[in-house]
Amino acid sequence: MSEPSSRRAVLTGTGIYLPEKIVTNAELAERVDTSDEWITERTGIKQRHFAAPHETASFMGAAAGRAALEAAGLAPEALGAIIVGTSTPDNAFPSTAVHIQAALGANKAFGFDLAAACSGFIYGISVADAMLRAGQVDSVLVIGSEVYSRILNFEDRGTCVLFGDGAGAVVLQARDVAPEDTKSGAGVLSTHLHADGRLADILYVDGATGRRDMSAHLVMNGREVFRHAVSLLAGAVTEALTANGLTAADIDFLVPHQANKRIIDGVGKKLGLAPERVVVTVDKHANTSAASIPLALHEAITDGRIKPGHLVLLEALGGGLTWGSALIRL
Ligand code: UT7
């Protein structure tokens, strides 16, 4: 856990990009043996965006990043670092982050990709928070950008109906917070990260450039992932609350990773949160992996639900397994 200090990582802007093409459940059912009824009942998903060939992780990430920088009022040349959570990079190298750096003209920033599957955004927030607190940089652009449509096996109806494409970004900037304001002041209060590589085989992509077989399709034992998800996520959010001497009643909004409405509801219920305090976008975006939390966060900030001063709890779980939480005061 990151200890409180006078230097804080404050969220100053958000931005998103969604591919133009929307595919509804009914449209998907024309090419896959499934139905709108099954997908809606089991997952809460109604539609997803699928990227066109030019909409790569770097293209979408740059658009989301540009919007986040504008919202923060931060010039690209002033940016210190770019972290991109992605499992679907344009190239094995260079990183998606340097493609985005070039597209934005963020010439002073360094950047790297972070591989933590659906937990990529939470991991990115945690690393950015540590870099900002340590004084290594004064600003970080944290992006989640994914094109899962390119790694889906459309012969496997158990997985191909669950995912979509998109990108979301936030700007974190270092600010000094007076010691008496450590609880009420804006900023990342804490992050908690976890991994259990013994569960690597229940959710993975079966190819990459380091192997001869580069078929690269997502493979998931959905039932097993589901079984672990609610308890591990409930543990990660309880850990965040306990570490900060808070209870669920102090949380204004839970912004969970958007994999399945049943998992989201399960965690909300365990916390005893009213449904209106849980941000849900899985119906519109499906599971966009590392992009899902910044997409949901942006929506709830721009529609006015999440306001300055609100305490927001983020959580995610994904391939690895990896999971974690971040507690942020806006
Ligand atoms: O972001 C990373 C984390 N990922 C997740 O959190 C995903 C976690 N897992 C899940 O969300 C759920 O396990 C799924 C949505 C993947 C599946 O829901 P489920 O309630 O666990 O269904 P199931 O896998 O147990 O399958 C139930 C039935 C099966 O038929 P039988 O064997 O009972 O006859 C499947 O063949 O549903 C069938 N099925 C489908 N039917 C229509 C599976 N996929 C589909 C489909 N359309 N797309």
Side-chain angles (χ1 to χ4, degrees), residues 23-48 85-88 115-124 144-149 151-166 168 194-197 199-206 217-237 255-268 270 278 280-283 285-296 314-325:
V23 179
T24 64
N25 290 346
E27 284 168 315
L28 205 54
E30 286 169 19
R31 62 189 279 210
V32 178
D33 179 18
T34 188
S35 64
D36 175 40
E37 193 191 5
W38 190 94
I39 302 171
T40 304
E41 262 178 27
R42 301 288 178 128
T43 72
I45 296 164
K46 299 297 291 180
Q47 62 172 47
R48 74 283 295 139
T86 187
S87 305
T88 47
C118 298
S119 309
F121 184 73
I122 297 277
Y123 269 56
S145 188
E146 303 278 20
V147 277
Y148 268 47
S149 61
I151 55 165
L152 292 176
N153 173 5
F154 284 95
E155 303 295 316
D156 176 14
R157 66 178 182 171
T159 55
C160 71
V161 303
L162 304 175
F163 295 89
D165 303 333
H194 297 279
D196 187 346
L199 297 170
D201 64 348
I202 64 171
L203 177 52
Y204 61 98
V205 175
D206 63 2
H217 283 127
L218 182 144
V219 182
M220 177 168 72
N221 181 337
R223 234 177 270 190
E224 274 300 295
V225 176
F226 198 105
R227 202 167 66 77
H228 290 287
V230 177
S231 61
L232 292 177
L233 288 169
V237 299
V255 184
H257 169 49
Q258 309 283 320
N260 186 321
K261 181 74 162 52
R262 287 153 58 208
I263 296 174
I264 294 170
D265 289 347
V267 176
K270 280 208 171 187
V278 181
V280 177
T281 50
V282 71
D283 52 331
H285 304 155
N287 182 347
T288 57
S289 190
S292 91
I293 292 177
L295 281 168
L314 317 178
E315 47 86 335
L317 174 137
L321 289 184
T322 55
W323 68 100
S325 62

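Every number for a ligand or one of its atoms is a count from 1 in the order of the listing.
Close contacts between ligand 1 and V161 involve ligand atoms 48 (N) [criterion: under 4.0 Å to a heavy atom]. Listed by atom number, the atoms of ligand 1 under 4.0 Å from G158 heavy atoms are 16 (C), 44 (N). Each of the atoms 15 (C) of ligand 1 lies under 4.0 Å from some heavy atom of T43. Taking a cut-off of under 4.0 Å to the non-hydrogen atoms of A259, the atoms of ligand 1 that pass are 1 (O), 5 (C), 6 (O).
Considering only heavy atoms from C-beta on, H228 stays 4.5 Å or farther from D196 through its side chain. Taking the side chain as every heavy atom from C-beta outward, Y148 and S87 approach each other to under 4.5 Å. A heavy-atom distance below 4.5 Å is not found between the side chains of I45 and V161.
Looking only at protein heavy atoms, the nearest one to atom 3 (C) of ligand 1 is V225 CG1, 3.7 Å. The shortest contact between atom 36 (O) of ligand 1 and any protein heavy atom is with R157 NH2, 3.1 Å. Given atom 24 (O) of ligand 1, the protein heavy atom at minimum distance is R223 NE, 3.9 Å. For atom 11 (O) of ligand 1, the closest non-hydrogen atom on the protein side is N260 ND2, 2.7 Å. Protein heavy atom at the shortest distance from atom 18 (O) of ligand 1 is R262 NH1, 3.8 Å. Taking atom 1 (O) of ligand 1 as the reference point, the nearest protein heavy-atom neighbour is N287 ND2, 2.7 Å.
By the 4.0 Å heavy-atom criterion, V32 is excluded from the residues contacting ligand 1. In this structure, A229 has no heavy atom closer than 4.0 Å to ligand 1.
When W38, F163, F226 are checked for heavy-atom proximity to atom 39 (N) of ligand 1, W38 turns out nearest. Relative to atom 22 (O) of ligand 1, the option among R42, M220, E37, E41 with the closest non-hydrogen atom is R42.
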Could you go step by step and tell me if V282 and T43 meet the side-chain contact (heavy atoms from CB on, under 4.5 Å) rule? CA-CA 8 Å; V282 71; T43 72; 6.0 Å; no

Evaluate the criterion side-chain contact (heavy atoms from CB on, under 4.5 Å) for residue pair K46 and D36; output intermediate values, then yes/no. CA-CA 7 Å; K46 299 297 291 180; D36 175 40; 3.3 Å; yes

When you look at T86 and E146, which way does the side-chain contact (heavy atoms from CB on, under 4.5 Å) test go after all the steps? CA-CA 6 Å; T86 187; E146 303 278 20; 3.3 Å; yes

Test side-chain contact (heavy atoms from CB on, under 4.5 Å) on R262 and F226; report intermediate values, then the result. CA-CA 9 Å; R262 287 153 58 208; F226 198 105; 3.8 Å; yes

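Expressed to the nearest 0.5 Å, how far CD of Q258 lies from CD1 of I263 amounts to 11.0 Å. Here L162 contributes atom CG and N287 contributes atom CG; the two are 7.5 Å apart, rounded to the nearest 0.5 Å. Distance CG/L232 to CD/E315: 11.0 Å, rounded to 0.5 Å.
Residue G222 has at least one N or O atom closer than 3.5 Å to an N or O atom of ligand 1. For ligand 1, the polar-atom distance check finds no N/O of S35 at less than 3.5 Å from any of the ligand's N/O atoms.
Considering every non-hydrogen atom in both A290 and G85, the closest pair reads CB-O, 3.4 Å.
Within a 4.0 Å radius of atom 30 (O) of ligand 1, the protein contributes no non-hydrogen atoms. Distance screen at 4.0 Å: atom 45 (C) of ligand 1 has a protein heavy-atom neighbour inside the cut-off. In this structure, atom 33 (O) of ligand 1 has no protein heavy-atom contact shorter than 4.0 Å.
Looking at C118 against ligand 1, only its side chain comes within 4.0 Å, counting heavy atoms. Only the side chain of I263 comes within 4.0 Å of ligand 1, judged by heavy-atom distances. Contact annotation: for L162 versus ligand 1, heavy atoms closer than 4.0 Å belong to the side chain alone. Contact annotation: for T34 versus ligand 1, heavy atoms closer than 4.0 Å belong to both the backbone and the side chain.
Checked by atom type, the side-chain pair T322/Y123 shows no donor-acceptor distance below 3.5 Å.
At least one donor-acceptor pair closer than 3.5 Å links the side chain of N260 to the backbone N or O of R42.
R48 pairs in a side-chain hydrogen bond (donor to acceptor under 3.5 Å, both in side chains) with only one of the listed residues (T288, N25, D165), which is N25.
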